[in-house]
Amino acid sequence: MSDNTAISARGISLTFETNDGPVHALKDVDLDIERGEFVSFIGPSGCGKTTFLRVIADLEKPTAGKISVNGQDPETARMNRAYGYVFQSAGLFPWRTIAKNIKLPLEIMGYDPEEQEERAKAALSLVELDDFGGKFPWQLSGGMQQRASIARALSFDADILLMDEPFGALDEIVRDHLNEQLLALWRRTKKTIGFVTHSIPEAVYLSTKIVVMSPRPGRITEVIDNTLPDDRPLDIRDTPEFMALSHRVREGLRGGHQDG
Amino acid sequence: MAKVWHRYGPVLIISLAIGAFWYLAAIALNANWALDRAERAGKTLGAVELVQETWSQKKPRLPVPHQVAAEIYKTTVEKKITSKRSLIFHSWVTMSSTVLGFAFGVGLGVGLSVLIVYFRVVDMSVMPWIIASQAIPILAIAPMIIVILNSIGISGLVPKAIISAYLSFFPVVVGMVKGLRSPDKIQLDQMRTWNASHSDSFWKLRLPASVPYLFASLKVAMAASLVGAIVGELPTGAVAGLGARLLAGSYYGQTIQIWSALIMAAVLAAVLVNLIGLLQRITLKRMGFVR
Ligand SMILES: Nc1ncnc2c1ncn2[C@@H]1O[C@H](COP(=O)(O)OP(=O)(O)OP(=O)(O)O)[C@@H](O)[C@H]1O
Ligand SMILES: [Mg+2]
């Protein structure tokens, strides 16, 4: 594990004890994520993508194995506010305006009011919601709400951004646009990003590394390095290189299925 | 115009129907007495006379609306409000203990709900008692509460308010427990990723999330509180309050007085509950809950 390692997982297993017997959500997962990497997790439903993200963020304790985040255990990293977590639904507080929602983690972390104001403003403009700070969540479309929740995760300088199917519920066009924005943001900030998706093109378009998972028990079947250049216009998706990568991911997904 | 009709039309129709039914019921219920009296006087009553008679008795079984209205007018507008005969005075007495008891009850209810949500032990140990407390008829324990409190030197408004509180804390507990538990898993997990303290989770998430539930409970609590206040006035031989008017009315067979007190109680309930409704609309709108 080098100094440049953001997340290092060794032999992570997590078994949920349920009424219908144990569920092996994760089994022997090894993974290293470097600082500044954009890692996508892809795999069929129930393969443990969400669970793995939750283990990284100390929302779930593994039953076996070791995981370290910035050289610390996840709990310490969480106490040090290392994570910006974007959940599958925006989860904005309906009684707070968008700006106040974005200030919520800042309030909790004890930023002074001027800095809260500045950071909320900056975060809002990062996701192109400059004029919507004073609106309540219900006054925004689903896509805008999801952008607000991304802004909230970005408002404090967490070095690790974990996103669980953040664009899953959005239509193709909004999704393309948000993908572009997210990529630009990542290039600017060089944050470490863990990103769960069901979409092969999304995974290939965004990431530096694609982690393919398979279910029962949840495990990593393949880690594919993305050879596309950092600079990616949307139409890169029509290039042969992109197609080839997509094909590899699809094969990986299929292989995982046959194993299982 | 159409809008006004749309809004108030149904209410008007129902009111007219109830009024009509009331007048008819009065004829049916009061006719015997009227016929008896006519027979003793050796007279026979025509239909019109019979109706007139049943609608104008001094102590009818069922007084008609205009009799009650006249009585209310006489005991509100025509009496000084300091007079023992003034219904405004009696309503005021009942309202004071209703509001005081409501405040006690809400305080108790909110406090208990917080303990229940944060401490499993409290949830397990206290909740059954809370439910049991509401299974006991209030009429059975109200006199005991009054007597016990009187014996330790507490009298006047407070014992009645305690009976109100006894009835009104319950809906608050139930509503607030539900409200404080209403944040979903995502919202709670978010707070955890930000390493929020217990107090942040309470003040910034659970409490604001519970506000809509609280208001729904407050309306029920206010109505229950009024019932408590009136019941609390019955066993004390109270000299003031709508409960006392009801009791006095029934001692002397003053049905018109009873009905006036009942109507005043209903009006009071409507006013108080609507006040909370108003507060609810303003608060929820300002909090962004209402679209
Ligand atoms: N809290 C829990 N209790 C019991 N079982 C759970 C729990 N959370 C997840 N699981 C199980 O663990 C397995 C992995 O779940 P997980 O949510 O990580 O899948 P996923 O890859 O995110 O799936 P999806 O793509 O549908 O979101 C599933 O079989 C799921 O039923
Ligand atoms: Mg998932």
Side-chain angles (χ1 to χ4, degrees), chain A residues 50 53-54 56-61 69 74-111 134-140 145-146 149 152-153 155-156 158 160-166, chain B residues 106 109-110 113-114 117-118 120 172 175-219 276-291:
Chain A
T50 297
L53 236 53
R54 290 176 63 83
I56 296 175
D58 187 42
L59 293 174
E60 220 78 72
K61 300 270 186 223
V69 176
E75 184 169 0
T76 314
R78 181 172 63 80
M79 304 279 194
N80 292 332
R81 277 115 184 199
Y83 307 108
Y85 202 122
V86 180
F87 292 83
Q88 193 163 355
S89 72
L92 300 170
F93 292 10
W95 56 88
R96 284 177 166 249
T97 60
I98 298 303
K100 290 203 102 193
N101 261 291
I102 291 171
K103 285 181 196 169
L104 178 65
L106 304 173
E107 284 171 22
I108 289 168
M109 295 175 191
Y111 286 82
K135 296 267 193 282
F136 282 105
W138 60 266
Q139 292 170 303
L140 270 61
Q145 289 186 29
Q146 198 52 274
S149 94
R152 184 178 49 183
S155 64
F156 54 102
I160 300 172
L161 199 55
L162 300 171
M163 307 173 88
D164 192 353
E165 296 185 49
Chain B
V106 172
V110 170
S113 66
V114 172
V117 168
Y118 276 93
R120 236 183 92 78
V172 177
M176 277 302 279
V177 165
K178 192 156 183 229
L180 291 171
R181 285 183 178 151
S182 67
D184 58 30
K185 191 158 177 333
I186 286 190
Q187 291 171 326
L188 292 165
D189 279 344
Q190 273 171 354
M191 295 302 265
R192 195 169 143 84
T193 63
W194 303 324
N195 195 25
S197 62
H198 277 302
S199 97
D200 276 337
S201 295
F202 179 74
W203 292 107
K204 293 183 195 295
L205 176 56
R206 288 189 190 274
L207 195 64
S210 71
V211 170
Y213 295 83
L214 175 64
F215 273 108
S217 296
L218 289 185
K219 286 186 183 169
I276 294 179
L278 185 70
L279 201 65
Q280 174 183 37
R281 273 198 299 284
I282 295 170
T283 310
L284 294 191
K285 186 154 184 95
R286 288 191 57 176
M287 282 181 81
F289 277 116
V290 184
R291 15 199 95 184

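This structure is a prediction, so every number in the text was calculated from the model and none was measured. In what follows, chains carry the letters A, B, and so on, assigned in the order in which the sequence lines appear, proteins first and then strands, with residues in each chain numbered from 1.
Under the rule for a salt bridge (Lys or Arg N to Asp or Glu O under 4.0 Å), the partners of A/R96 that lie at least two apart in sequence or sit in another chain are A/E107. Contacts of A/E75 classified as salt bridge (Lys or Arg N to Asp or Glu O under 4.0 Å), with partners at least two apart in sequence or in another chain: A/K61.
Between chain B and the residues A/P137, A/P94, A/P105, A/A158, the most heavy-atom pairs under 4.5 angstrom are made by A/P105.
Summarising the geometry, atom CD1 belonging to A/I108 is positioned 9.5 Å from atom CD belonging to B/Q190; distances are rounded to the nearest 0.5 Å.
Listed here is the closest heavy atom pair of A/F136 and B/R286: CZ-O, 3.8 Å.
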For residues 85-92 of chain A, tabulate all N or O donor-acceptor pairs below 3.5 Å that involve a side-chain atom, not counting sequence neighbours.
unit_1: A/Q88; atom_1: NE2; unit_2: A/E165; atom_2: OE1; d: 3.4

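Proximity of a side-chain donor or acceptor of A/R78 to a complementary backbone N or O of B/N195 within less than 3.5 Å is not detected.
Proximity to chain B (any heavy atom under 4.5 Å) is restricted, for A/M109, to the side chain, taken from C-beta onward. In this structure, the portions of A/D58 lying under 4.5 Å from any heavy atom of chain B include both its backbone and its side chain.
Among residues 198-207 of chain B, the residues having any heavy atom closer than 4.5 Å to a heavy atom of chain A are, in sequence order, B/D200, B/K204, B/L205.
When side chains are defined from C-beta on, A/R54 counts as touching B/D189, because their heavy atoms get closer than 4.5 Å.
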